[in-house]
Amino acid sequence: MSDRSSKLAEKVRAARDAGQALHIRGNGSKHWLETPDQASTLSLAGHQGIVSYDPTELVVTVRAGTPITELEQALAEQGQMLACEPVNVAGRSTIGGALALGWSGPRSAWAGTLRDFVLGMKVLTAEGDILSFGGQVMKNVAGYDVSRLLVGSRGGLAAVLEVSLKVLPLPEQELVLSFTNDDPLAAMRRVREWEGQSLPLSGALWQAGALMVRFSGRTTALSHLLSRLGGEARDAVVFQRHRELSAGLLAGTPPLRLYRQRPLSAIALDQDFILDHGGRLLWARAGGDLATLMAAANAHAVESPVAGVQSGNAVTQHWHTALAKAFDPQGLWAPAGEAA
Amino acid sequence: MSAHYSAELDGALPVVDRAQVLAGLCEILPAQAVLDDTERQRPFECDGLPGYRELPLVTVLPATTAEVQAVLRFCHQLGVPVVARGAGTGLSGGALPCPVGVLLVLSRLDQVLEIDADNLLARVQPGVRNLAVSEAAAPHSLYYAPDPSSQIACSVGGNVAENAGGVHCLKYGLTVHNVLSVSVVTVAGELLDLYADDMGAANLLALVIGSEGMLGVVTEITVRLRVLPPRTETLLVGFATVAEAGQAVAAIIGGGIIPAGLEMMDALAVQAAEDFAGAGYPRDAAAVLLLELDGDADSVAAELTSAENILQTAGATLLRRAQNEQERTLFWKGRKSAFPAVGRIAPDYYCMDGTIPRRAIADMLAYIAALSEEFELQVANVFHAGDGNLHPLILFDANQPEQVERAEALGGRILEQSVALGGAITGEHGVGREKINYMAAQFSDEELRLFQAIKQALDPVGLLNPGKNIPTLKRCQEYRAVRAQ
Ligand SMILES: Cc1cc2nc3c(=O)[nH]c(=O)nc-3n(C[C@H](O)[C@H](O)[C@H](O)COP(=O)(O)OP(=O)(O)OC[C@H]3O[C@@H](n4cnc5c(N)ncnc54)[C@H](O)[C@@H]3O)c2cc1C
């Protein structure tokens, strides 16, 4: 439970002066990522603890090395949660690592993504300066939104020291139902119908011929769903395991993530896949060229868990390169996953 | 200290050959899309903040993305500044023209390109009015959630540029939470598409949202649509003291309820709104809350009981539930017309936009009351209480230069206090030109330097909306020196 920011800043300045590359690391729960050669490690794992938490403000401020599991326990004691369910690999991820990756869990398709819940950050720059952006309030449009920009940046722009996140009340109850359905799109169309009836959806996942849906909300609102919708009641732990990437296709090195703006658009893949986030996220193994895969999945972007972003035109790449230079002119940061 | 442009503090503007610019633009655009005379450019000399006015060198009204690209490519080649403008309802001088620049008005890009009800999205051009999106979605029982009070007039492009909020953003989020993707034209005229769920690299869409036309021009927006809730309940609640109303807000949130809307108005704002809209607000209350719950019928019923109990316990002197859709609309009419209503009780008003933690609401209102006495100007308070976003409206007479000065000084003190309480100088109206000095109250030089580096990375020469949003360090030094006196 300690604040190690000044030590971390010292280390960054020393590395910068020595021309040494630095690789930012949390708990190393994303075991498929490799530390790049010739970089020493800047470990955020010891930089832990909740800095402030006032449940009536719906805001928690936490150091980056805090395990998500611990943070969620502290929130649950006050009847609150991280509604975006950041991916928590094997239950070992830190919140800083989750931000660097930017992956959100099943609830995010309805509640909002991890990026959406970020209110502010304290970051350590490649110059060794500690800077604050955003804040602990719900709304703040002064200056550029650096905190949300950093979500998903994989340690390539700055080290996150602290983050302020919006939190929400825990639902009174959760109900998981499973339905046999060979057609993933027909399954997601059903989900869309329920959405049209304003049912409190918080997860919709199709894999191996089964649709798994989760509802969260007031007990009174959930009580008649089982009899009304049919299906088979399941233990809520299936969504937990999914979020921890510990089951089935997701265990080991995760497959590619394909992002779909239109959840009900056609899919023409000839391999096993998982349709997640109500149809907006598709997990599939690599095979053939990426453009063909993206077209078959009707996706606008594809992400490799190892190498990061795999799409976007030349202009987008130019923006990424220019921003990396702005944040890190000397090329101090060595993001994970680039090792041979 | 004045926020008006000064070559000494903000840097010299480029020298531009007007005839050359005009000739070039006339080749790119049809004649009626290029305005160069004072008379036709007059309506564009300011946005919703009339204290800042400037005529642009020339005004253009492109009708396609390709024309926007061509204009930017041309201006980039010649080194001519470009200021984007949507509907001009901004309240911080963000769309204030540059005297040696082109004003790029996006109001002719006004098509709703697609409503995809199955996939819950709408694709629109930037000049589409905010309310028009919900109107186009309504036949499918869908709507677009962010609803700024200016929604009849303001453009979706302007909403993206300001990260606009509305009375329903406590539950449904700001613009950033409801945009799926945008097409942006860069300063050099290139086109790129940015997505909310792009992961594996920095989230560029988040950077563009709220960037006030400083990084690119938005030419297409895909927004998320939501299903109209089957049940909505609205409560009008009166309190005898402002402090009790503030505590009630905290108690509601602490009680595990996230209302669709939670708005607060003080006595002066209530009087003005009641005179204007006749919404049935209690004239004797020190503060009024409007609380809205929506969702499936069962959930709303459960939350309504719980909210009513909390409000009774918090000391509500009046608790009225809208009996029908008509009354509900009337309750909201009072709130949504609060600015113009206050505008009727004084020659002019100056709207502030600070945000603070909710727990500080009562303290902040006491502080503002003290400032009101000190500066001898009335202040009416309207705000998004659920989000801690204040809109103090300072009443003054713009024909009295000395009153203008007092109003600006009072406003500045409110912004500084917002920062001191752990909040921000702007929650939704943006920095623009108006709050340029107060950026130095919220950010350190190192933080501002990073903002400048971001701007320089994407717009190296600084042609997009020069002088807005991010102050020079020289201006910050001057601000700090003046304050230290
Ligand atoms: C009575 C009243 C009530 C208001 N209530 C609210 C409220 O509840 N919530 C709220 O958030 N705001 C509110 N506003 C402020 C204002 O309406 C919003 O900031 C709105 O988003 C501005 O949209 P616009 O189209 O008028 O933009 P403009 O004023 O034309 O421009 C605003 C900024 O956006 C830039 N810009 C515009 N279009 C583009 C584009 N296509 N690409 C890139 N940059 C662009 C401009 O350069 C400028 O910096 C209110 C204003 C008024 C007058």
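Note that this is a predicted model, so its numbers are computed, not measured. Naming convention: chains lettered A, B, ... in sequence-line order (proteins, then strands); numbering from 1 in each chain.
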Checklist entry - Ring centroid separation for H300(A) and Y195(B), is it under 6.0 angstrom? => result yes
Next on the checklist: I'd like to know which of N140(A), D54(A), D145(A) tops the heavy-atom pair count under 4.5 Å against chain B.
Outcome noted: N140(A)
Next on the checklist: Has H177(B) got a side-chain atom pairing as donor or acceptor with D116(A)'s backbone, closer than 3.5 angstrom?
Outcome noted: yes
Checklist entry - Which one, D387(B), V300(B), I253(B), leads in non-hydrogen pairs under 4.5 Å with chain A? => result D387(B)
Next on the checklist: Show, in sequence, the C-alpha distance, side-chain angles and deciding distance for N178(B) and R224(B), and conclude whether the side chain to side chain donor-acceptor pair (under 3.5 Å) test is met.
Outcome noted: CA-CA 5 Å; N178(B) 291 279; R224(B) 169 181 180 165; 5.1 Å; no
Item to check | Which portion of L170(A) sits near chain B, non-hydrogen atoms under 4.5 angstrom | outcome: neither
Checklist entry - Under a 4.5 Å heavy-atom cut-off, does chain B meet the side chain of R192(A), its backbone, both or neither? => result side chain
Checklist entry - Is there a donor-acceptor pair under 3.5 Å between the side chain of R148(A) and the backbone N or O of R115(A)? => result yes
Next on the checklist: Among A302(B), G430(B), S181(B), which residue has the highest count of heavy-atom pairs closer than 4.5 Å to chain A?
Outcome noted: S181(B)
Checklist entry - Is chain A contacted by the side chain of S211(B), its backbone, both, or neither, given a heavy-atom distance below 4.5 Å? => result both
Checklist entry - Would you find a donor on one side and an acceptor on the other, under 3.5 Å apart, between the side chain of S132(A) and the backbone of K122(A)? => result no
Checklist entry - With only heavy atoms counted, which part of Q456(B) is less than 4.5 Å from chain A, the side chain, the backbone, both or neither? => result neither
Checklist entry - Among L120(B), L194(B), L448(B), who wins on heavy-atom pairs under 4.5 Å with chain A? => result L120(B)
Next on the checklist: Looking only at heavy atoms and a cut-off of under 4.5 Å, which of L222(A), L199(A), T316(A), T321(A) has the most pairs with chain B?
Outcome noted: T316(A)
Next on the checklist: Is K455(B) close to chain A through its backbone or its side chain, or both, or neither, when contacts mean heavy atoms under 4.5 Å?
Outcome noted: both
Checklist entry - Given a strict heavy-atom distance threshold of 4.5 Å, which part of L180(B) is in contact with chain A: side chain, backbone, both, or neither? => result both
Item to check | Closest-packed option against chain B by number of heavy-atom pairs under 4.5 Å, given R218(A), K166(A), R280(A), E195(A) | outcome: R218(A)
Next on the checklist: Using only atom types and a distance under 3.5 Å, with no angle test, would you say the side chain of Q69(B) pairs donor to acceptor with the backbone of G189(B)?
Outcome noted: yes
Item to check | Top contributor to chain B contacts, counting heavy-atom pairs under 4.5 Å, from G135(A), A142(A), S304(A) | outcome: A142(A)
Checklist entry - Can you tell which of I257(B), D116(B), I425(B) has the highest number of heavy-atom pairs within less than 4.5 Å of chain A? => result D116(B)
Checklist entry - E127(A), R262(A), H277(A), M138(A): which one forms the most heavy-atom pairs within less than 4.5 Å of chain B? => result R262(A)
Item to check | Contacting region of F443(B) [heavy-atom separation from chain A under 4.5 Å] | outcome: side chain
Checklist outcome for this item: When the 4.5 angstrom heavy-atom criterion is applied to V123(A) and chain B, the contacting part is neither
Checklist entry - So which heavy atom on T125(A) is nearest to which on L131(A), and how close? => result CG2-CD1, 3.6 Å
Next on the checklist: Using only atom types and a distance under 3.5 Å, with no angle test, would you say the side chain of S418(B) pairs donor to acceptor with the backbone of I356(B)?
Outcome noted: no
Item to check | H384(B) portion near chain A, given a 4.5 angstrom heavy-atom threshold | outcome: side chain
Checklist entry - Should H168(B) and P146(B) count as side-chain neighbours, where that means a heavy-atom distance under 4.5 Å? => result no
Item to check | T220(A) side chain near S299(B) side chain, heavy-atom distance below 4.5 Å | outcome: no
Next on the checklist: Let's test your reading of the structure: which of D193(B), N389(B), N163(B), V208(B) forms the most heavy-atom pairs below 4.5 Å with chain A?
Outcome noted: N389(B)
Checklist entry - For the candidates G217(A), P55(A), G143(A), which exhibits the highest count of non-hydrogen atom pairs separated by less than 4.5 Å from chain B? => result G143(A)
Checklist entry - Can we call the ring centroids of F451(B) and F133(A) under 6.0 Å apart? => result yes
Next on the checklist: Counting only non-hydrogen atoms closer than 4.5 Å, does A109(A) touch chain B with its backbone (N, CA, C, O), its side chain (CB onward), both, or neither?
Outcome noted: backbone
Checklist entry - Among N469(B), L204(B), T222(B), L228(B), who wins on heavy-atom pairs under 4.5 Å with chain A? => result L204(B)
Checklist outcome for this item: Cut-off 4.5 Å, heavy atoms of chain A, and the answer for Q442(B) is side chain
Checklist entry - What's the verdict on side chain to side chain donor-acceptor pair (under 3.5 Å) for R228(A) and Q197(A), showing C-alpha distance, side-chain angles and the deciding distance? => result CA-CA 12 Å; R228(A) 202 176 121 196; Q197(A) 297 158 22; 2.7 Å; yes
Item to check | Residue L157(A) versus chain B: region with a heavy atom under 4.5 Å | outcome: side chain
Next on the checklist: As a quick check of understanding, evaluate side chain to side chain donor-acceptor pair (under 3.5 Å) for E303(A) and Y259(A), giving each step before the final call.
Outcome noted: CA-CA 8 Å; E303(A) 175 181 6; Y259(A) 297 101; 2.6 Å; yes
Next on the checklist: Would T61(A) and E162(A) count as a side chain to side chain donor-acceptor pair (under 3.5 Å) here? Give the steps.
Outcome noted: CA-CA 7 Å; T61(A) 300; E162(A) 249 174 61; 5.7 Å; no
